[in-house]
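Everything numeric in this text was worked out from a predicted model, so none of it was measured. As a basis for the values below, the full set of heavy atoms in this structure was taken, side chains included, without hydrogen atoms, waters or symmetry mates. Per chain, numbering begins at 1; letters A, B, ... match sequence-line order.
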Amino acid sequence: MTPFSTRVLSLVRRIPAGRVATYGDIARLAGHPGAARAVGNVMRNSKWPDVPCHRVIAAGGRLGGYGGRAVLKRALLLAEGVVVSGMRVRELTRVHWTPKTTNK
DNA sequence: GAAATGACAGAGT
DNA sequence: GACTCTGCCATTT
């Protein structure tokens, strides 16, 4: 476990239902801009059930990265009300979560 | 301690 | 507008 992972996990945990955050965003919020890849890496090893990793997507609304995993994420996001088309989030601007748009 | 891997991001074609 | 290539950071081996 590393402080970075804890930070990322905490941020992801703050993501409410129906909202999604990008890896780059999480990385930036974690204090490591550009470490988007590292964020995904942490998620991969993270088995925390409290962390809605399916709400974390790639930039541009792409579900991102890993084969079947992305499909599962798509289904979960759809169930939360997120408009997902194929492999990408449509209303990303609407569902894009930020520490300031927690509820407003 | 160094090299390779990996759920990404951005620019170019 | 979509796909491909390179670059970055942190973690793991």
side-chain hydrogen bond (donor to acceptor under 3.5 Å, both in side chains) contacts touching residues 1-12 of chain A (sequence neighbours left out): A/T2-A/S5
Student check: side-chain heavy atoms of A/V12 and A/I26 closer than 4.5 Å: yes
Restricting to nitrogen or oxygen on both sides, can you table the protein-nucleotides 10-13 of chain C pairs closer than 3.5 Å?
residue	atom	partner	partner atom	Å
C/dA10	OP1	A/H32	ND1	2.4
C/dT11	OP1	A/T2	OG1	2.3

Close side-chain approach of A/V39 and A/F4, heavy atoms under 4.5 Å: yes
Between B/dA7 (P) and A/L72 (CG): distance, integer Å: 15 Å
Nucleotide B/dA7, atom C1' - distance to CH2 of A/W48 in whole Å: 16 Å
Contact check, side chains of A/V83 and A/V95, non-hydrogen atoms, under 4.5 Å: no
Nearest-Å distance for atom pair CD1/C1', residues A/I26 and B/dA9: 15 Å
Atom pair distance, as rounded to whole Å: CZ in A/R62 and P in B/dG10: 9 Å
Touch class at under 4.0 angstrom, heavy-atom based, for A/R88 against every strand present: sugar-phosphate
Side chains of A/I57 and A/R62 in contact at under 4.5 Å (non-hydrogen atoms): no
Set of residues satisfying ring pair (Phe, Tyr, Trp, His ring centres under 6.0 Å) with respect to A/H54, sequence neighbours excluded: none
